[in-house]
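Reviewing the structure listed below.
No experiment lies behind these values; they were computed from the predicted model shown. Hydrogens, waters and symmetry mates are skipped; everything else that's a heavy atom, side chains included, is used.
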Amino acid sequence: ASGTPRRTPFCGNKVPASLLTNSAMTKFYNNALPAPNIVNPGGSNYAYSVITPQTLRDYTTREDWKFSEKDDIFVRYTWQRYTKTTNSLLVDNLGREAEGRHIQLASIGWNHIFNDRTNLNLSFGGTQYKNACCNYPGYDALSPATLGLPGYTSSYAQGVPAYSELPVLTFTSSYTGMGFYNSGQIPNTTRDFALSGVLTRVQGHHTFRAGAEWRMQNYAQQISGNVSGTYTFDSTYTQENNNSDGTFPSQNFGLSYAAF
């Protein structure tokens with residue numbers, strides 16, 4: 001109604017047990033959660049070790065070329081890559097977390113000797129830094145439709161395809177923590193560029209230098225929001241954010257959103 005998605009209410013505002021047992025959501029969670037591996041009455045019944053392998057790769061090269069008695073140039077390039085992964089207790093490592101940082105640095109310089117007293121040095125360089133944290137590849141391959149949620153939930157998420165993933169579901173007093181609300185699939189990127197020049201002159205017992213430098217910096221940050229949704233299931237009354245269901249009806253037909 002009025003552009004607000006609605007479903008046919010469940011009688012008594014409760015999801016029938018048959019739907020809970022056979023729903024896509026139930027089957028998904030039953031397959032994703034591992035079987036207990038320890039006996040601990042009243043406490044946690046699953047134990048596992050957190051593993052966080054990390055890698056850092058760094059490659060640097062510099063090339064110098066003197067193409068005349070008074071001129072020489074250099075080119076330098078550096079590539080760095082840092083990765084970190086954290087395993088998950090879920091089956092097939094579904095909830096694993098991946099982090100990545102990628103740095104590239106490049107510069108070029110030219111030095112020219114006018115005479116035995118005067119020298120000019122010019123250089124230009126740039127840096128690009130990408131930070132992807134935190135990314136969940138297993139969740140990123142899924143969508144609200146994976147859980148059998150209404151079609152419009154996936155349509156909203158697919159409006160920003162790069163951020164569509166498994167939504168966050170919380171079951172009060174039973175289980176929380178599966179899914180993610182703020183995807184890190186698109187990294188934050190920082191770019192810096194600099195151009196500088198220095199003129200040096202030796203005059204008698206004195207050395208004079210004059211120079212200038214230009215710099216530019218750009219920072220692009222992802223603002224992904226909560227496109228796949230966050231859902232909490234408990235036994236409390238539910239209503240829409242716009243309060244259109246502010247009055248609970250007296251008959252056995254409840255809201256357009258069910259609680260159980």
Side-chain angles (χ1 to χ4, degrees), residues 50-87 96-141 159-165 180-228:
V50 177
I51 303 174
T52 56
Q54 302 176 64
T55 62
L56 175 63
R57 297 179 176 87
D58 184 301
Y59 304 95
T60 299
T61 182
R62 172 170 170 143
E63 309 297 329
D64 292 89
W65 179 36
K66 189 172 183 63
F67 58 93
S68 75
E69 292 185 354
K70 296 185 177 182
D71 297 279
D72 60 82
I73 64 174
F74 78 87
V75 177
R76 182 174 61 240
Y77 177 76
T78 297
W79 181 94
Q80 292 182 337
R81 176 72 173 179
Y82 167 80
T83 60
K84 174 185 175 182
T85 58
T86 303
N87 66 321
R96 67 190 183 281
E97 178 186 352
E99 300 181 32
R101 294 170 178 81
H102 186 197
I103 302 175
Q104 296 182 85
L105 304 93
S107 61
I108 184 171
W110 171 52
N111 187 79
H112 176 71
I113 301 174
F114 290 99
N115 51 54
D116 58 355
R117 293 177 178 271
T118 308
N119 178 79
L120 174 65
N121 183 275
L122 297 175
S123 64
F124 175 76
T127 301
Q128 177 173 268
Y129 170 65
K130 291 186 176 183
N131 179 16
C133 176
C134 302
N135 189 22
Y136 294 83
Y139 295 159
D140 294 339
V160 189
Y163 299 129
S164 179
E165 59 191 337
F180 197 56
Y181 67 91
N182 192 12
S183 175
Q185 298 179 59
I186 298 180
N188 298 330
T189 303
T190 301
R191 296 183 177 91
D192 295 277
F193 299 96
L195 173 65
S196 63
V198 177
L199 181 66
T200 303
R201 171 74 178 179
V202 177
Q203 191 68 38
H205 297 290
H206 303 279
T207 299
F208 300 92
R209 287 189 176 90
E213 184 176 74
W214 169 85
R215 286 181 176 270
M216 183 184 75
Q217 184 179 75
N218 174 265
Y219 176 68
Q221 179 182 13
Q222 62 155 334
I223 305 295
S224 59
N226 184 18
V227 297
S228 290

Least distance between heavy atoms, Asn119 atom then His112 atom: OD1-O, 3.2 Å
Pairwise distance CG(Asn135) to CG(Asp140) - rounded to 0.5 angstrom: 4.5 Å
Heavy-atom check, side chain of Thr52 versus side chain of Val50, under 4.5 Å: yes
Backbone of Ala194 reached by a side-chain donor or acceptor of Arg215 within 3.5 Å: no
Closest non-hydrogen atom pair between Lys66 and Glu69, with its separation: NZ-O, 3.4 Å
Stepwise side chain to side chain contact (heavy atoms under 4.5 Å, CB included) test for Tyr219 and Gln221: CA-CA 6 Å; Tyr219 176 68; Gln221 179 182 13; 3.5 Å; yes
Pairwise distance NZ(Lys84) to OG1(Thr55) - rounded to 0.5 angstrom: 12.0 Å
Test side-chain contact (heavy atoms from CB on, under 4.5 Å) applied to Gln128 and Thr189, Thr190, Asp192, the passing residue: Thr189
Worked verdict on Thr60 versus Asp58 for side-chain hydrogen bond (donor to acceptor under 3.5 Å, both in side chains): CA-CA 7 Å; Thr60 299; Asp58 184 301; 3.3 Å; yes
Leu120 vs Trp110 side-chain heavy atoms within contact, under 4.5 Å: yes
From CD (Glu99) to OH (Tyr82), nearest 0.5 Å: 6.0 Å
Interatomic distance, Asp64 atom CG to Phe74 atom CZ [nearest 0.5 angstrom]: 8.0 Å
Nearest atoms (heavy-atom pairs only) where Phe114 meets Leu199: CE1-CD1, 4.2 Å
Check: Asn115 main-chain N/O paired with Lys70 side-chain donor or acceptor under 3.5 Å: no
Whether over 12 other heavy atoms sit under 6.0 Å from Trp214 CH2: yes
Heavy-atom pair of closest approach, residues Asn87 and Ile51: OD1-N, 2.6 Å
Distance (rounded to the nearest 0.5 Å) between Thr200 OG1 and Ile113 CD1: 11.0 Å
Arg96 atom CZ: more than 12 heavy-atom contacts under 6.0 Å: yes
Distance in Å, Phe124 CZ paired with Ser196 OG, rounded so as to fall on 0.5 Å steps: 10.5 Å
The single option from Gln104, Glu63, Arg62 passing side-chain hydrogen bond (donor to acceptor under 3.5 Å, both in side chains) against Tyr77: Gln104
Smallest separation among heavy atoms of Gly204 and Arg117, with atom names: N-NH1, 3.5 Å
CD/Gln54: more than 12 non-hydrogen atoms of other groups inside 6.0 Å: yes
Side chain to side chain contact (heavy atoms under 4.5 Å, CB included) evaluation trace for Arg57 with Trp79: CA-CA 8 Å; Arg57 297 179 176 87; Trp79 181 94; 3.9 Å; yes
Verdict with supporting geometry, Thr78 and Gln80, side-chain hydrogen bond (donor to acceptor under 3.5 Å, both in side chains): CA-CA 7 Å; Thr78 297; Gln80 292 182 337; over 6 Å; no
